S.K.: 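Please see the structure below; I have some questions.
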Amino acid sequence: MQWPTFDVPDGFTEQFLACDWLCYISPTMRKVGPDRLRALLRRWFDAGYTPKDIVYALDHYPTGELYETRTPAPNEKPRVIENWVQRRLRAWLDDEEDPLPPVNSHIRERRDHVLSHQHERREMYERERQLAADPRITPGAAQARVVARTAAAMSRRNRAEAHARELAAIRLQQAEQKSRSQALGNLMRASEEPF
């Protein structure tokens, strides 16, 4: 029987089944056996660890970094594998030698918090939506749409007229500058001619 990986095993039988599942997925731990593995892991199961938390703790430091040392081979002696499990899990003990909170509990708490926040927001939205009048059926909605379309058309027309005035002013300025430069050129040629 496969143990649900995200369930915390409670009591001898459930912890044994969880260890049996760990032995099933890990050839290394299979050599130790579920009964001995349960004796090693009972402290963490009692602290709320799931089998997934145990697998994570065996592969990672509490900081989240992966262990760089090798995992014992399945053909190692059971005592070597037991020592390896104890060494890896020792990093997950606090100063009082109690297991640190499991990683999945943090994830679960964060998920529950986000879901409750989403639920509150959804309820608030539904309350506001029920209180608000449907804009398609209110008497002033059609009139408001006409006014908005008229205002948008006037705004577009005003922008086009302002753009045309700006272009005309630039052309006028360029024409005046051209006529000034021609007049200045005529004066310069006239001053160079002898009397």
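The shown structure was predicted, so the numbers you read here are calculated from the model rather than taken from an experiment.
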S.K.: Is the CD atom of Gln86 crowded by more than 12 outside heavy atoms at less than 6.0 Å?
M.R.: yes
S.K.: Shared ILVMFWY cluster between Leu58 and Val80, side chains joined below 4.5 angstrom?
M.R.: no
S.K.: Please assess Leu115 against His119 for the test side chain to side chain contact (heavy atoms under 4.5 Å, CB included), listing each intermediate value before the final yes or no.
M.R.: CA-CA 6 Å; Leu115 288 176; His119 183 69; over 6 Å; no
S.K.: More than 12 heavy atoms of other residues, nucleotides or ligands under 6.0 Å from CD of Glu123: yes or no?
M.R.: yes
S.K.: Drop me the distance from Arg38's CZ to Thr13's OG1, to the nearest 0.5 angstrom.
M.R.: 9.0 Å
S.K.: Give the minimum heavy-atom separation between Leu100 and Ala91, together with the two atoms involved.
M.R.: CD1-O, 4.1 Å
S.K.: Which heavy atom of Cys23 sits nearest to which heavy atom of Pro34, and what is that distance?
M.R.: SG-N, 3.6 Å
S.K.: In Å and rounded to the nearest 0.5 Å, what is the CH2 to OH distance from Trp92 to Tyr56?
M.R.: 5.5 Å
S.K.: If we count only N and O atoms by modelled type, under 3.5 Å, do the side chains of Asp10 and Gln15 hold a donor and an acceptor together?
M.R.: no
S.K.: For the CE atom on Met124, are there more than 12 heavy atoms of other groups (residues, nucleotides or ligands in this structure) within a distance under 6.0 Å?
M.R.: yes
S.K.: Treat each ILVMFWY residue as a node, draw an edge where side-chain heavy atoms are under 4.5 Å apart, and state whether Tyr61 and Leu89 are in one component.
M.R.: no
S.K.: Can you list the steps and then say if Ser155 with Arg159 is a side chain to side chain donor-acceptor pair (under 3.5 Å)?
M.R.: CA-CA 6 Å; Ser155 176; Arg159 278 196 309 267; 2.9 Å; yes
S.K.: Just verifying a value: how many Å separate Trp84 CH2 and Glu76 CD, rounded to the nearest 0.5 Å?
M.R.: 11.0 Å
S.K.: If you take all heavy atoms of Leu40 and Trp44, which pair is closest and at what distance?
M.R.: O-CZ3, 3.5 Å
S.K.: Say you draw a straight line from CG of Leu66 to NE2 of His60; how long is it, rounded to the nearest 0.5 Å?
M.R.: 4.0 Å
S.K.: Hey, does Arg42 have a side-chain heavy atom less than 4.5 Å from the side chain of Asp46?
M.R.: yes
S.K.: Under 4.5 Å between side-chain heavy atoms, hopping through other hydrophobics if needed: is there a path connecting Ile25 to Leu17?
M.R.: yes
S.K.: Please examine the side chains of Arg36 and Arg79, heavy atoms only from C-beta on, and report whether any two atoms are closer than 4.5 Å.
M.R.: yes
S.K.: Tell me whether Leu93 shares a hydrophobic cluster with Ile54, the cluster being built from Ile, Leu, Val, Met, Phe, Trp, Tyr side chains joined at under 4.5 Å.
M.R.: yes
S.K.: Are any of the side-chain heavy atoms of Leu41 and Cys19 separated by less than 4.5 Å?
M.R.: yes
S.K.: Atom OG in Ser26, atom CG in Leu37: separation rounded to 0.5 Å?
M.R.: 8.5 Å
S.K.: Verify the cluster assignment for Phe12 and Tyr49: are they in a single hydrophobic cluster under the rule of side-chain heavy atoms below 4.5 Å apart?
M.R.: no
S.K.: Strictly by salt bridge (Lys or Arg N to Asp or Glu O under 4.0 Å), give each pair with a member in residues 89-101 just once, sequence neighbours left out.
M.R.: none
S.K.: Between Glu126 and Arg122, does at least one N-O distance fall below 4.0 Å, as a salt bridge requires?
M.R.: no
S.K.: Would you please say whether a donor-acceptor pair under 3.5 Å links the side chains of Thr69 and Arg87?
M.R.: no
S.K.: With side chains defined as the heavy atoms from C-beta onward, is the minimum distance between Arg180 and Glu176 less than 4.5 Å?
M.R.: yes
S.K.: May I ask you to establish whether Arg88 and Tyr67 are in a cation-pi arrangement, using a distance under 6.0 Å from NZ or CZ to the six-membered ring centre and at most 45° from the ring axis?
M.R.: yes
S.K.: What I'd like to find out is whether the side chain of Val8 reaches to under 4.5 Å of the side chain of Phe45, using heavy atoms alone.
M.R.: no
S.K.: Please answer whether the main-chain N or O of Pro74 pairs with a side-chain N or O of Arg30 as donor and acceptor at a distance below 3.5 Å.
M.R.: no
S.K.: Minimum heavy-atom separation for Pro51 and Pro9, please, with both atom names.
M.R.: CD-CD, 4.2 Å
S.K.: Indicate yes or no for a side-chain donor-acceptor contact from Thr150 to the backbone of Val146 under 3.5 Å, with no hydrogens or angles considered.
M.R.: yes
S.K.: What's the spacing between Glu161 CD and Met154 CE if we round to 0.5 Å?
M.R.: 10.0 Å
S.K.: Check whether any side-chain N or O of Thr28 sits under 3.5 Å from a backbone N or O of Pro72 as a donor-acceptor pair, and report yes or no.
M.R.: yes
